[in-house]
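The structure appears right after this line, and notes come after that.
Numbers for residues simply follow the sequence, beginning at 1.
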Amino acid sequence: MSKLSKDLKTMCIRNADGSHATQAARFLTLQQCAQQLRASGFNQMRAGNLKMKHVMCLVSQWHKAGLSAGTVKNRMAHVRWMAEKLGKAGMIPKDNAQLGIAERQYAGAANKAQALDGRLELVTDAHVQMSLRLQAAFGLRREESIKVKPCIADHGQVLALQASWCKGGREREIPVQTPEQRAALDAAHALAGQGSLIPAGKSYVQQQRKYDAQCKAAGLSNMHGLRHQYAQGRYEALTGWKCPKAGGSARNTLRGAKREIDRQARMTISAELGHSRRSIVTIYIG
């Protein structure tokens, strides 16, 4: 292990920011960065020696490897975290375009939304079944639906997710507005008691594997589509019309009051899904 690799390992251990998944992704990315920099001739580099030439070297290698704009942006987020911990946050431009990184393409033609319908009965594990119900009812990510503790999160009119359960360590609140949401939460309370939807004696990783195996056995795939379905349902509830992905009018055709209603709805959905940028909602609703 190079000196830079050791420095970055120590930095990650001492600064456990975000969820476990975020920390794991950050550690892996920064170790890859250390290996790539060493392969580029920076053999004796230490973390404190980070300069723009090193950042540009990494970006150049990522482009040569044919990585997508989204992947490059995700890696840059970890590099910026490193620079911040080194007291060099201002060194890297905030605008990715200045680094030659293209805009991420969010909108795709296919509608990935899906509902559980009667397929939930094909899942035999009660905890996995409950996680899927919460995903459908609240648009949760898989990790959130497994780690959530209903006894803590249920605040009556809102489901309050703690930072440690969420991607990027961003806590958020989701309104409880429908009978289906309340029924799902009540059932989750009964199953989880004072704990999470990870059965006693199991770790998160073990339950995640159980979730994946149960979904595969039941013929369920791409269950992130439940999140898409939630977003599309919320859009219709907030605006009164269907979103573009579900056959509604494209955003650029809306005018006046309708365009403002659309804007507000997208901001609300972005917050409920736990995204920091409204533009990402385009993935879900068009």
Main-chain N/O of [Y] paired to [X] side chain as donor or acceptor, under 3.5 Å:
{"X": "Gln23", "Y": "Gly18", "answer": "yes"}
{"X": "Gln98", "Y": "Asp95", "answer": "no"}
{"X": "Asp125", "Y": "His127", "answer": "yes"}
{"X": "Gln214", "Y": "Lys210", "answer": "no"}
{"X": "Arg227", "Y": "Met223", "answer": "no"}
{"X": "Gln36", "Y": "Leu58", "answer": "no"}
{"X": "Gln31", "Y": "Ser5", "answer": "yes"}
{"X": "Thr282", "Y": "Ser279", "answer": "yes"}
{"X": "Gln232", "Y": "Tyr284", "answer": "yes"}
{"X": "Glu144", "Y": "Arg141", "answer": "yes"}

Do Ile174 and Leu197 share a hydrophobic cluster, counting only Ile, Leu, Val, Met, Phe, Trp and Tyr and linking them when any side-chain heavy atoms are less than 4.5 Å apart?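 In one cluster with Ile174: Leu197, yes.
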Check this for me, if you would: do Lys216 and Asp212 make a salt bridge, where the nitrogen-to-carboxylate-oxygen distance has to be below 4.0 angstrom?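 Looking at Lys216 and Asp212, the cut-off is not met.
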Between Asp262 and Lys258, is the closest basic N to carboxylate O distance under 4.0 Å?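 Salt bridge between Lys258 and Asp262, a charged N being under 4.0 Å from a carboxylate O: no.
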Kindly assign one of parallel, tilted or perpendicular to the pair Trp241 and Tyr235, based on the angle between their ring planes and the thresholds 30° and 60°.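 Judged by the thresholds at 30° and 60°, the geometry between Trp241 and Tyr235 is perpendicular.
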Can you sort out the partners of Glu272 under side chain to side chain donor-acceptor pair (under 3.5 Å), two or more places apart, ordered by chain and number?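 Scan of Glu272 (side chain to side chain donor-acceptor pair (under 3.5 Å), adjacent residues dropped) gives Tyr230, Arg234.
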For Arg46, what residues pass the side chain to side chain donor-acceptor pair (under 3.5 Å) criterion, not counting sequence neighbours? Asp7
Is the distance between the ring centroids of Phe42 and His54 under 6.0 Å?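 Centroid separation for His54 and Phe42: below 6.0 Å.
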Side chains of Met45 and Leu50: closer than 4.5 Å at any heavy-atom pair?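 The answer is yes, as the side chains (C-beta and beyond) meet within the 4.5 Å cut-off.
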Could you tell me whether Lys6 atom NZ has more than 12 heavy atoms of other residues or ligands within 6.0 Å of it? no
